[in-house]
Structure formats: structure tokens, C-alpha cells
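Not measured: the values here are computed from a predicted model. Computed over heavy atoms, backbone and side chain alike; hydrogens, waters and symmetry mates excluded.
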Amino acid sequence: MAEALQRVRQAWDEVWDRFVASDPGLIRLMAGLRTVASIVLTLAVLAAFQIPVSLLVAGAMAAMVATFAISEPLPRDQAVTLAWGLPTAFAAMSLGALLNRYVIIGDLFFVALIFAAVYVRRFGDRGTSLGLIGFQVYFVSLFVHARVATLPQLYGTLFAAFCCAAVARFVLVRATPESTLQRLRRAFRARLAQVVEAQMALVGETSPDKLDKAIDDLRRQTARLHECALMIQGRLEDGTRDATSAALLQRRVADAEIAAERLGVLLLKARHFDSADTLTLHLPDAPALDAPAKAPVEDETTRRLRRDLAGLHLLITRIAPNDRGTGLAVIRNRLLDYREDENLPRASLAVQDAFRGVGEAARAVLGLRLALDGPQDETDDSPETTRSREEFDAEDVAIVREEEPEETLAGLQRPTTRAAFQVGVGSALAIAGGELLSSQRWYWAVLTCWVVFLNTSSTGEILVKGYRRLLGTVIGVIAGVVLAGLVGHHTWTAFALVLLCVFGAFFTAPLSYVLMSFFLTAMLGLLYTLLSTYSIAVLELRIEETALGAACGIIAALFVLPVRTHHHTDRQLREVLDKLGEVSSAAVEQLSGGPAADLLDLARELDSALDNLRRSTRPLTHPITPLRVRRRTARYLVALLETCAYHARSLAATAELVPSSTRIAADPRLERAGRRIRRNIDVLIEHLEDENATSEVESGASVASMLEGPEAVGPKPGSVTFRVLRHLQRLHEGVVGLARPLGVPVAETRDRGGKAVQTLPSGS
């Protein structure tokens with residue numbers, strides 16, 4: 001019995017760990033639970049007063065709005081916005097009840113309200129929240145057919161809904177920035193452990209089919225680790241004591257992510273994959289990695305590498321401060337010794353590099369532990385562990401935070417102003433067309449037109465979002481028909497299913513807009529059942545109004561101050577290239593002996609810009625796009641930029657060690673290679689800004705050949721100089737590789753004898 005309970009507990013822990021890793025910080029889970037809790041509380045309070053079902057529906061919808069509309073990170077800001085939201089809701093409900101009878105005046109006011117709700121987003125999160133509350137509550141007034149005579153009851157319903165939303169937010173499902181950041185830290189540790197598990201599977205696997213699966217799993221887990229790191233960095237300043245603490249944790253998280261990513265590449269090299277993998281690992285439609293002709297026989301070195309990876313996994317999962325004893329210290333010291341080339345096995349350079357990568361990852365884990373838990377017991381430290389601690393101390397002292405001025409736009413250049421005009425025109429079209437379809441439920445078309453403009457920046461994004469909403473609506477209508485038939489007139493059963501749909505909508509919203517639309521449409525079918533207005537014709541009308549609203553939104557996006565997808569992506573691409581140039585130039589300058597800079601902060605900005613580019617290219621890479629050539633080009637560009645960003649981050653991580661390390665010295669000869677990379681990036685940006693530009697990207701000679709002195713051509717294998725040169729070479733190749741899909745001419749550079757100099761061996 002005890003063994004069975006232990007197995008069940010272990011299985012549950014494993015499932016929960018994977019769930020936490022799939023939902024970093026439990027952000028989606030908390031959002032769903034908070035919304036459901038506010039609705040349940042509202043229904044309980046209103047039911048105690050035995051009010052009509054129509055008011056129960058209004059209360060449930062108002063509670064949902066009062067919960068999801070608030071987006072500020074700090075609880076005190078949330079409370080202020082919620083307090084301002086109540087009079088905003090009162091005003092919207094009053095105007096809805098007053099203007100419900102006057103078709104033309106009511107429609108004109110609705111368009112003006114929509115314009116204002118989008119325009120006030122320029123004032124930040126609070127403006128966005130209040131605009132959303134005003135629009136959604138006005139929509140609720142139309143949905144429940146509010147009248148002036150029922151306003152007192154509706155006021156009481158809104159008051160109860162907002163109070164219950166406050167209780168759910170600040171008492172029942174409380175989420176402070178500190179607690180969210182703490183959960184994100186645990187999620188990052190879980191994902192880091194999953195990356196190491198995938199690396200262990202890669203080392204020990206011999207079957208070709210399972211080896212391909214292990215590589216795919218490694219890629220997937222590495223991408224998830226990167227996603228979690230970005231989420232943490234987006235919440236650091238609100239969840240830490242001060243800017244210095246935020247910068248420290250950001251640096252340690254970036255160190256750990258870079259070390260894990262680099263270790264994965266080195267392990268691929270150790271498995272004897274093609275030497276160009278570091279350039280093509282992320283590329284779409286690239287040929288599959290060729291496994292060795294003959295599966296390697298597991299020898300002592302392979303077993304030792306897998307054992308060290310298991311030790312690294314133990315250091316990650318035992319990162320809590322109450323895990324003490326000499327066992328972990330022995331493992332940590334042994335792994336850190338690899339950084340000094342101590343105890344390396346007699347094996348190929350690629351295998352030795354993998355062991356060095358394990359040592360670098362162990363150092364990153366040590367830094368993460370120091371940042372999270374503070375000083376630790378140093379009794380059992382080896383000399384290398386002591387040096388690593390000293391390096392961390394020196395880095396901590398050197399942390400400086402500098403705020404960059406934000407770019408200010410005015411007039412129609414401001415995205416919120418442009419979107420306000422677009423959604424205003426689209427909503428006017430949706431009202432006109434919706435009235436022709438149904439004089440009672442025309443507002444569904446307006447709602448669809450409104451939501452397709454949320455969190456979109458280009459015409460292509462609006463098109464894809466409209467298509468996804470229509471698809472989710474069609475599937476949701478089918479589910480609504482089935483659920484409505486099963487529920488019948490059982491009121492509380494219908495409300496229970498509504499709660500499940502609400503949770504599903506908010507839990508899946510960041511993952512799939514189709515699923516969110518499905519759950520919301522199924523919920524509406526149940527609400528119509530509660531209001532005794534359910535019929536197949538009503539749900540069919542819902543599909544028609546949704547299609548109309550999406551079409552009106554697309555028309556407005558195409559003809560009213562349009563932002564073409566390729567213009568938007570070109571702007572995002574220039575931003576990525578500019579950040580790539582900043583990171584690489586600053587890293588090379590520091591590696592050459594220049595002044596210290598916050599390189600990992602620059603690397604984070606590069607990652608954020610690349611993430612924005614990735615989102616903006618989704619319309620171009622969507623399966624329904626007819627532009628197949630542009631689809632392949634967009635995927636190739638993003639993937640190649642991801643590879644360039646990896647090498648730039650690795651250079652930044654190495655350069656960060658120069659000011660405080662006793663074993664990494666600056667090399668002024670690297671400056672010339674950095675200038676060529678920066679110049680090539682500037683040429684790419686110039687061609688994106690001016691199609692008639694005539695400058696050419698410089699290619700040809702390897703980075704190593706550009707360094708003066710014979711000793712620079714053949715650095716010691718495994719040395720830091722060798723690693724830096726390989727990253728510079730791969731970054732240079734990646735930048736030159738961007739020229740072809742962008743249509744930029746390439747001029748090959750040769751040495752004095754007219755021959756291209758041999759490049760370094762490919763590596764990490």
C-alpha cells in the first residue's frame with residue numbers, strides 16, 4: 001500500500017512539474033481560476049437576493065469583464081483601476097439603457113464609444129482597462145436588453161460584480177508580482193531541468209529513429225526555456241526589490257539559458273553530426289541532421305558524460321537553500337573543474353568541448369543559486385568554485401542600470417490613434433451590415449470587429465485573427481447546440497458549464513485564439529438557453545454576424561490608414577538587425593579591451609525584438625497564406641536570425657567575464673572582425689531602408705585570417721580565444737547568409753594572394 005501511494009505521489013509530482021513547465025508562473029491557471037472565482041461569488045451573492053435570471057447573466061458577464069480587463073502588475077494600481085472601473089461601468093450601462101430605443105443615436109454613440117475605448121490605450125494599462133470596461137459593459141446592456149426601469153437593479157448587479165471581482169483578485173486568487181516572479185523562477189528551474197533531461201537522452205540514445213526524436217525534444221525544450229526566460233525578464237522590475245536586484249537576476253537567468261543552449265549544440269557536435277549544424281540547427285525545411293554512419297558503442301567516456309549530466313540535473317533540481325551536505329558540493333566542484341581543463345577525458349576535441357560545456361552550465365547554475373538564495377556555505381569549495389564565486393561578486397558590483405528614453409510618436413503615427421480610426425470605421429460598417437442581418441443581435445458583428453483589432457499591428461495579423469475567430473465560432477456553435485440540448489432548463493447546470501467554458505477560454509487564450517473563441521461561443525449558447533432565447537437560428541446568426549464583423553475589420557484595416565504586413569515586418573527586421581549589431585559590437589569591443597557594458601541587457605533587448613519579429617511574420621508563415629515564396633523566405637530569415645542571436649548571446653556571455661575573470665584576457669585584434677560584422681549589418685539595414693542602395697555585404701576571408709600575427713590563426717583548441725573566434729565566424733556567416741533572401745549583393749573579400757583564407761572549424 002505504501003509503495004502504491006509512493007508511486008502515485010511520484011506520478012503526480014511528475015505530472016505537476018510538467019504542467020508547471022508548460023504554464024510558466026501558473027499565469028494562465030491563475031487567470032482562469034480568478035475569473036471563475038469572481039463569477040461564482042457574483043452568482044452566489046445575486047442568487048441570495050433571488051433576482052431574475054437575466055440579471056444573473058448580466059452579473060456573471062460584468063464580473064468576467066471586471067476581472068480580465070485589469071492588467072496592471074501592481075496590486076495597488078489594480079485596486080485604483082477597479083475603483084475607477086465601477087463608475088465607468090455605471091455610465092456605460094446607463095447610456096446603453098437610455099439609447100437602446102434610439103437606433104441612429106445609439107449606433108452613433110456606440111461608434112464613438114468604440115473609438116474612445118481604443119484611443120485611450122495611449123494612456124497605458126489603465127486607459128486600456130477603462131476603455132475595455134466601458135465597451136464591454138455597454139455590450140452587456142445590449143445583450144440583456146437593459147431598460148431605464150431596470151437600472152437600479154442593474155446598478156446593484158454591477159456593484160456586486162465589481163466587489164466580488166475585487167475579493168477574487170485580492171483575497172481568493174491573489175497574485176502579486178513577487179509571487180508570480182517566484183513561480184516563474186521555479187518554472188525556469190523545471191524547464192532548465194527538462195533541457196538537461198533531453199540532453200541526457202541525446203547522449204545515451206543509439207537508435208536512429210529515437211535519436212531524431214531526442215533531437216526534436218531538445219529543440220522543443222530549449223525553445224520553451226527561452227520563452228520562460230523572456231517571461232521572467234518581462235516581470236523583473238515589478239517583482240524585485242530594486243533595479244539592481246532585477247539586473248542581477250536577469251543576468252543570471254540569461255547566463256543559465258545561454259549555457260544550456262550552448263551545451264546542447266556541443267553535445268550535437270560530440271555525437272558527430274555535420275559540422276555546419278551550428279548554422280542550420282534552427283532553419284526550417286533544412287535537411288534532417290545526419291546521424292553517424294554507425295551508432296557509437298557506449299564507452300567509459302559516454303557513460304561519464306551522461307553521469308555528469310545527471311549531476312548537473314541534480315544541481316538544478318536541488319537548488320533550494322535547505323539542500324545541504326557535501327555530496328552536492330563534490331558534484332559541483334567536479335563539474336566546475338572542467339572549466340579549467342582539469343580531469344578532461346582523453347577524447348576528441350568535440351567531446352572535450354562537451355565536458356567544458358557541462359562545466360559552464362554548472363557555473364551558470366551556481367550563479368542562479370547565488371542570485372535566488374544569497375550566499376551559501378563555502379566550506380567544501382574547490383579552487384575553481386572559489387574563483388567562480390569571486391567572478392560573480394565582481395560582476396555584481398559592476399551592474400549599472402541605464403534607462404533609455406522611449407521613442408514618442410504623435411498624431412496618426414501613434415498606433416493607438418490609427419487603430420481607433422480603423423476600428424471606428426470597421427464598427428460603423430459592422431453596425432450597418434449587422435442591422436441588415438438582425439435588428440436584435442447586430443452587436444455580435446461589432447464585437448468581432450472590435451476583438452480582431454486587439455493586440456494586432458498589421459493587416460495580415462487582423463486577417464489571420466479574423467479567420468481564427470470565425471473558425472472557433474463555427475466549432476463553438478456546434479458545441480453550443482449539443483450543450484444546450486443536454487442542459488435544457490436546468491439553470492445551475494448551465495451556469496456550471498458556463499464556468500467551465502470561461503475557465504477554458506482564459507486558460508487557452510495565450511495558446512490558441514481558435515480555442516478561446518470556441519469556448520466563448522459555447523458559453524454564449526448556454527447563456528441564450530438561460531435567457532430562454534436559444535434556437536438553432538440564433539446560433540447560425542452568430543456565425544453570420546461573426547463573419548460580417550471579421551470582414552468589416554479586414555476592410556477597415558485595408559483601406560483606413562493601413563499598415564501593410566511587409567512594411568511592419570520590415571520595420572521589425574530593421575529593429576532586430578540594429579539590436580544584433582549593438583550586441584555584437586559591444587561584445588567585441590569588451591573582448592578587445594574596451595569599456596564594460598551591460599551586454600546581457602542588450603542581449604535581452606535583441607531577444608525581445610526577435611520575438612516581436614516572430615509574431616509579426618505569423619501572417620506570412622500561416623498555412624493558409626497563398627504567398628508560398630514569401631512564406632519560405634520569412635521562415636528562413638527568422639530562423640537564421642535566431643542562429644545569429646544565439647552566437648551574439650554567447651559572445652556577450654563570454655565578454656561579460658572579461659572584467660572580472662583571471663583567466664580570460666582581452667584581445668585587441670578582435671576589433672577588426674567586429675567592425676566587419678557591424679558594417680555588414682549596417683549594409684543590410686541600409687538596403688531595407690532604401691531599395692536603391694548600392695553598398696555590398698563583405699564576405700570571403702575567415703575571421704581568424706583577419707587577425708594580425710601568425711599566432712592568431714591557430715588558437716589553442718578548446719581555449720576561450722578559439723571559442724570566441726568560432727562564434728564570430730558563425731555570426732559573420734549568418735549575417736552574410738541574410739543577404740541572399742534580402743536581395744543584397746555580396747562582394748567576396750580575398751587575402752593578398754587572391755585566395756580566400758581557410759575558415760576555422762565549425763563549432764558552438
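A distance-only check finds no donor-acceptor pair linking the side chain of K465 to the backbone of A550 [under 3.5 Å]. Under the 3.5 Å distance criterion, the side-chain polar atoms of S94 are matched with a main-chain donor or acceptor of F90. Under the 3.5 Å distance criterion, the side-chain polar atoms of R191 are matched with a main-chain donor or acceptor of R224. In this structure, the side chain of T150 does not engage the main chain of A146 through any donor-acceptor pair within 3.5 Å. Looking only at distances, a side-chain donor or acceptor of S129 sits under 3.5 Å from a matching main-chain atom of A69. Remark: side-chain polar atoms of Q422 are paired, donor with acceptor, to backbone N or O of V560 under 3.5 angstrom. Here the side chain of T473 pairs a donor or acceptor atom with the backbone of R469 at under 3.5 angstrom.
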F115 and V423: CA distance, side-chain angles, deciding distance, side chain to side chain contact (heavy atoms under 4.5 Å, CB included) verdict: CA-CA 7 Å; F115 178 90; V423 74; 5.9 Å; no
Side chain to side chain contact (heavy atoms under 4.5 Å, CB included) between T128 and V120, worked out: CA-CA 6 Å; T128 301; V120 295; over 6 Å; no
Side chain to side chain contact (heavy atoms under 4.5 Å, CB included) between T317 and R189, worked out: CA-CA 7 Å; T317 55; R189 185 180 66 186; 5.8 Å; no
Stepwise side-chain hydrogen bond (donor to acceptor under 3.5 Å, both in side chains) test for S38 and T67: CA-CA 7 Å; S38 64; T67 303; 2.9 Å; yes
Stepwise side chain to side chain contact (heavy atoms under 4.5 Å, CB included) test for V65 and L132: CA-CA 8 Å; V65 172; L132 191 56; 5.6 Å; no
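The two residues G426 and C449 make their nearest non-hydrogen contact at C-SG, 3.4 Å. Scanning both residues, P73 and P177, for their nearest heavy atoms gives O-CG, 3.0 Å. Closest heavy-atom contact between L55 and T157: O-CG2, 3.6 Å. Nearest heavy-atom pair, L184 versus C228, reported as atom, atom and distance to 0.1 Å: O-SG, 3.9 Å. I70 and R169 make their closest contact through CB-NH2, 3.4 Å (heavy atoms, listed as atom of the first residue, atom of the second, distance).
Here the options are V446, T448, L437, L429, the test is side chain to side chain contact (heavy atoms under 4.5 Å, CB included), and the partner is L548; only L437 passes.
In this structure the side chain of S517 never reaches within 4.5 angstrom of the side chain of L471, judged on heavy atoms. Under the 4.5 Å side-chain criterion, counting only non-hydrogen atoms from C-beta, E545 is in contact with S438. Side-chain contact check for I39 versus F495: every heavy-atom pair is 4.5 Å or farther apart. A heavy-atom distance below 4.5 Å is not found between the side chains of L225 and Q194. Contact annotation: the side chain of D107 never approaches that of V111 to less than 4.5 Å [non-hydrogen atoms, C-beta and beyond]. Using a 4.5 Å heavy-atom threshold, the side chains of R126 and V80 count as touching. At least one side-chain heavy atom of T417 sits less than 4.5 Å from a side-chain heavy atom of Y119. A 4.5 Å side-chain heavy-atom check between F506 and R28 finds every atom pair outside the cut-off.
Distance CD1/I431 to CG/L436: 12.0 Å, rounded to 0.5 Å. Here CD of Q78 is found 9.5 Å from OG1 of T176. Values are rounded to the nearest 0.5 Å. Once rounded to the nearest 0.5 Å, the distance linking CG of L43 with CG of L499 reads 6.5 Å.
Side-chain contact annotation: Q182 with R185, donor-acceptor N/O pair under 3.5 Å present. Side-chain contact check for E72 and T81: at least one donor-acceptor pair (N or O, by modelled atom type) lies under 3.5 Å.
Aromatic pair F507/F519: centroids not less than 6.0 angstrom apart. For an aromatic pair to be called close, the ring centres must be under 6.0 Å apart, and F110 with F135 satisfies this. Taking the six-membered ring where the residue is Trp, the centroids of W444 and F139 are separated by under 6.0 Å.
Ion pairing between a basic and an acidic side chain is recognised when a charged N comes within 4.0 Å of a carboxylate O; K213 and D216 show no such pairing.
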